[in-house]
Each structure stands twice: as structure tokens, then as C-alpha cells.
Peer 1: 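Just passing along the structure, written as C-alpha cells.
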Amino acid sequence: MSDKTFVAITFNTESGGRPHFHEYVKTLVAEKSPDVIAFQEVHNAQKPEAPTLFMPNDPGKRTHPIRLHLYDELKSLLGPTYTSYFAAHLQGVHDLEGCAYESLYGQALFVHTRCVVDFFRSDFVYGRRNQFNTEHEGGTPAGKAALSVSLQIPSGEKIVVTNLHGFWSRHGKIDMPERFTQNQGIDWHVGRVLSATAKDTRLIVLGDLNYRSDLRALEDLRAKSLFGSEGGIVLNHQFDVVRTRTNHYSKWEQEPEADFVMACPRLAENAVYLKPDLQAPSDHASVIGRFTFN
């Protein structure tokens with residue numbers, strides 16, 4: 001990988017339980033050599049006796065088990081050339097169900113050792129830890145944390161990378177007050193990270209936002225102060241990415257979007273491409289972004 005190149009990947013693993021998941025991740029990393037790879041729906045079992053595969057009591061339409069030790073498995077797959085960070089939303093197996101095996105559920109960020117990490121920070125951007133989704137009882141969506149690292153890539157540029165997993169709502173991907181509250185939390189979190197960085201630091205925000213391009217909530221996030229006075233650039237739009245759901249998602253034709261990559265203008269101008277891999281063993285595509293610097 002050239003010192004003038006920066007590659008970022010976001011991938012909602014769907015808990016990693018589909019066939020050939022491990023082989024896919026190994027190939028993806030070997031072929032793309034990402035500087036950072038952001039995973040969502042990652043379980044992190046706290047005790048070794050937790051089973052490798054586990055089928056939730058309330059799996060919905062899930063046709064496969066989840067991997068309770070997925071975080072450790074990802075660390076093994078990516079090896080010592082990546083440093084890993086984890087942020088938990090809750091102790092459980094998904095937003096609707098707890099777990100007797102003390103498995104944490106959240107997201108992970110892996111950073112290649114060719115990058116120098118200044119610091120790592122996570123904050124809740126909506127709700128609180130162990131706030132499960134209670135919308136079926138007239139309650140609220142699940143609490144969600146954001147995870148950010150500040151790093152310097154080999155070319156010398158400083159970049160803040162924020163890994164997000166926006167809450168899921170039983171009402172679908174619609175504008176609702178909670179989404180705007182979540183955006184405020186994201187703005188607050190990233191602002192705290194950026195306040196500790198140099199003025200020339202670039203920003204990339206990526207992950208499964210659970211938004212659609214036509215939501216006012218997406219435009220609201222794009223215009224937040226975290227991206228600067230000009231607002232952010234939605235790279236999905238810049239590169240005509242209209243689908244990030246794979247054929248494993250039964251409603252992909254009605255809801256083809258979920259995952260987004262957004263960047264401040266100073267980083268977006270260095271973007272070469274953004275491509276979804278619709279062959280990923282998940283109901284989400286992996287989304288690969290590449291940037292080059294002079």
C-alpha cells in the first residue's frame with residue numbers, strides 16, 4: 001500500500017454467523033489492506049465458557065447463529081498488524097435481548113500499525129448503556145455508543161475516524177425526534193475528539209447509520225458543526241452508491257440503504273472511490289473507501 005493512500009472500510013457483520021465469514025474477512029483485509037476497518041454488530045464474550053455460536057431466543061428472521069467471541073476472533077484474523085478498539089452498547093446479544101453469558105454487544109475499530117494513534121474515545125450518542133429497545137412497549141430505541149480514534153497516516157495527514165451504529169427502530173427508517181437527538185450526541189462526541197486534535201485534522205464518519213438518503217436526519221447530521229462551516233460530504237452520493245444491503249436482506253429492494261461514509265470537505269476532495277461489496281456474508285455490504293494524497 002502506498003504511503004500516499006488511505007483506505008477505510010465499514011462492515012456490519014450481522015454478528016458474524018453466516019457461512020464463510022472468517023474467510024471473507026481474511027480475503028477482504030488481504031486484498032484491500034485497509035488502514036482502518038470499522039465493524040458493527042460485534043459480540044465480545046467476557047468469559048471463555050460462552051459458546052462460540054449462539055442462537056438468540058428472539059432471533060426474528062435470523063437464519064443463523066451469532067458469534068459470541070467475534071471480537072477475539074476478529075483480533076485473531078487481523079493479527080498483530082492491527083490494533084483494536086471496542087465500544088459496548090449493552091450486555092446482551094442484540095438490542096432486544098440480554099444474555100446469560102456476559103457477552104458485550106457493540107462495535108470495533110481496527111487500525112493498521114502503520115498509522116500512529118494519538119488517542120481513542122467512546123461516548124454514548126443516544127441513550128445510555130444497557131438501554132434496550134422498548135418501542136414495542138411505547139418506549140425508546142436502544143442506547144448507542146460512538147467510537148473514535150485520532151491517528152496520523154504514513155503520508156503525515158491527521159485523521160479522526162468515527163465508527164457509528166445508529167439505532168434500529170421498529171417504525172422503520174423514518175424521521176423521528178430520536179434520530180435528531182442521536183445526531184446531537186454524535187456532534188457532541190466528535191466535537192470532543194476534534195477539540196483535542198490539530199486544526200488541520202481531517203474527519204471521516206462511517207458505519208451503519210440506519211438512515212436513508214431522503215431522511216432529513218441525514219441532512220441534519222451532514223450539516224452539523226463536526227464537519228465544519230461547510231458541512232460534510234456524503235460520499236455515498238458523491239460516488240452514486242445507492243445500495244448497501246446484500247441479497248441476504250429480504251427487503252433490500254424496498255430499503256437498499258443503511259451504511260454511509262461521510263467526510264469533511266478537506267478529506268472528501270482526496271476521495272478516489274467508494275464501493276460496496278454486495279457479496280459480503282452479511283445482510284450489509286462491506287463499504288470500501290479509498291483516498292490519495294499528493
Side-chain angles (χ1 to χ4, degrees), residues 9-18 21-22 25 36-60 62 64-79 82-111 117 119-135 139-149 161-169 182 185-186 189 193 206-210 258-259 281-284 286:
I9 298 176
T10 179
F11 182 32
N12 183 322
T13 69
E14 198 187 4
S15 303
R18 289 193 180 273
F21 176 84
H22 288 72
V25 171
V36 294
I37 180 165
F39 294 101
Q40 300 92 43
E41 293 197 26
V42 176
H43 293 85
N44 183 8
Q46 300 300 287
K47 294 185 177 180
E49 60 265 28
T52 299
L53 297 172
F54 177 79
M55 181 62 80
N57 293 325
D58 180 23
R62 189 184 297 272
H64 58 280
I66 62 177
R67 307 193 73 90
L68 289 181
H69 296 275
L70 183 56
Y71 182 49
D72 285 337
E73 292 171 358
L74 289 170
K75 287 194 289 186
S76 178
L77 285 171
L78 274 69
Y82 284 88
T83 303
S84 63
Y85 304 85
F86 182 82
H89 308 307
L90 50 86
Q91 181 176 315
V93 291
H94 57 66
D95 292 349
L96 296 171
E97 185 182 346
C99 178
Y101 295 109
E102 296 187 19
S103 181
L104 301 178
Y105 174 72
Q107 58 216 45
L109 187 69
F110 285 74
V111 181
V117 176
F119 65 88
F120 151 77
R121 181 182 181 90
S122 66
D123 292 295
F124 270 81
V125 296
Y126 178 78
R128 64 188 184 278
R129 183 183 172 97
N130 283 348
Q131 176 178 308
F132 288 82
N133 189 311
T134 56
E135 288 181 316
T140 61
K144 290 295 179 180
L147 182 163
S148 293
V149 295
V161 181
T162 298
N163 180 6
L164 294 173
H165 188 187
F167 64 70
W168 170 87
S169 171
Q182 179 174 257
I186 295 168
H189 163 74
V193 177
L206 68 171
D208 173 13
L209 271 63
N210 270 316
D259 312 87
S282 168
D283 57 357
H284 293 258
S286 60

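For this chain, numbers begin at 1 and follow the sequence in order.
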Peer 1: Applying side chain to side chain contact (heavy atoms under 4.5 Å, CB included) to Thr13 and Arg18, what does each step give before you reach the verdict?
Peer 2: CA-CA 9 Å; Thr13 69; Arg18 289 193 180 273; over 6 Å; no

Peer 1: Are Ile37 and Leu78 side-chain neighbours, meaning at least one heavy-atom pair lies under 4.5 Å?
Peer 2: yes

Peer 1: At what distance, to the nearest 0.5 angstrom, does NE2 of His165 lie from CG of Asp259?
Peer 2: 8.5 Å

Peer 1: Is there a donor-acceptor pair under 3.5 Å between the side chain of Asn12 and the backbone N or O of Asp283?
Peer 2: no

Peer 1: Between CG of Asp95 and CD of Glu135, what distance do you get to the nearest 0.5 Å?
Peer 2: 9.5 Å

Peer 1: How long is the span from the OG atom in Ser15 to the NE2 atom in His64, to the nearest 0.5 Å?
Peer 2: 6.5 Å

Peer 1: Could you please spell out the steps behind the side chain to side chain contact (heavy atoms under 4.5 Å, CB included) verdict for Tyr85 and Val117?
Peer 2: CA-CA 11 Å; Tyr85 304 85; Val117 176; 3.4 Å; yes

Peer 1: Please report the closest heavy-atom contact between His189 and Ser122, naming both atoms and the distance.
Peer 2: CE1-CA, 4.1 Å

Peer 1: One pair to check against side chain to side chain contact (heavy atoms under 4.5 Å, CB included): Leu68 and Val93. What are the steps and the verdict?
Peer 2: CA-CA 8 Å; Leu68 289 181; Val93 291; 4.0 Å; yes

Peer 1: Might you work through the side chain to side chain contact (heavy atoms under 4.5 Å, CB included) test for Tyr126 and Thr140, ending with a clear yes or no?
Peer 2: CA-CA 10 Å; Tyr126 178 78; Thr140 61; 3.6 Å; yes

Peer 1: Hey, could you give me each pair passing salt bridge (charged side-chain N to carboxylate O under 4.0 Å, His left out) that has a residue in residues 39-51? Not counting sequence neighbours.
Peer 2: Lys47-Glu102

Peer 1: Pick out which of Gln40, His89, Lys144 makes a side chain to side chain donor-acceptor pair (under 3.5 Å) with Gln107.
Peer 2: His89

Peer 1: Does the Ser282 side chain pair with the main chain of His284, one donor and one acceptor, at a distance under 3.5 Å?
Peer 2: yes

Peer 1: Would you call Arg67 and Leu53 a side-chain contact if the rule is heavy atoms closer than 4.5 Å?
Peer 2: yes

Peer 1: With a 4.5 Å cut-off on side-chain heavy atoms, are Phe110 and Ser84 touching?
Peer 2: yes

Peer 1: Is there side-chain contact between Phe119 and Val193, with heavy atoms separated by less than 4.5 Å?
Peer 2: yes

Peer 1: How long is the span from the CD atom in Gln91 to the OG atom in Ser103, to the nearest 0.5 Å?
Peer 2: 8.0 Å

Peer 1: Please name the pair of heavy atoms, one in Phe86 and one in Tyr71, separated by the smallest distance, quoted to 0.1 Å.
Peer 2: CB-CZ, 3.7 Å

Peer 1: Given side chains that start at C-beta, do those of Phe120 and Leu147 come closer than 4.5 Å, heavy atoms only?
Peer 2: yes

Peer 1: Over all heavy atoms of both residues, which pair between Phe167 and Ala142 is shortest? Give the atoms and the distance, please.
Peer 2: CB-O, 3.8 Å

Peer 1: With side chains defined as the heavy atoms from C-beta onward, is the minimum distance between Glu14 and Asp208 less than 4.5 Å?
Peer 2: no

Peer 1: Mind checking the CG-OG1 spacing from Leu209 to Thr10? Nearest 0.5 Å is all I need.
Peer 2: 9.0 Å

Peer 1: Quick check: closest heavy atoms across Thr162 and Ala146, and the distance to 0.1 Å?
Peer 2: CG2-CB, 4.4 Å

Peer 1: Is it true that a side-chain atom of Asn133 and a backbone atom of Trp168 form a donor plus acceptor pair closer than 3.5 Å?
Peer 2: yes

Peer 1: Checking Arg128 now: which residues fulfil side chain to side chain contact (heavy atoms under 4.5 Å, CB included) with it, not counting sequence neighbours?
Peer 2: Gln131

Peer 1: Parallel under 30°, tilted from 30 to 60°, perpendicular over 60°: which one fits the rings of His43 and Tyr105?
Peer 2: tilted

Peer 1: What heavy-atom pair brings Ala88 and Ala145 nearest, and what distance separates the two atoms?
Peer 2: O-CB, 4.0 Å

Peer 1: How close do Gly127 and Phe124 get, heavy atom to heavy atom, and via which atoms?
Peer 2: O-CB, 3.7 Å

Peer 1: About how many Å separate OG of Ser148 and CG of Leu164, when rounded to the nearest 0.5 Å?
Peer 2: 7.0 Å

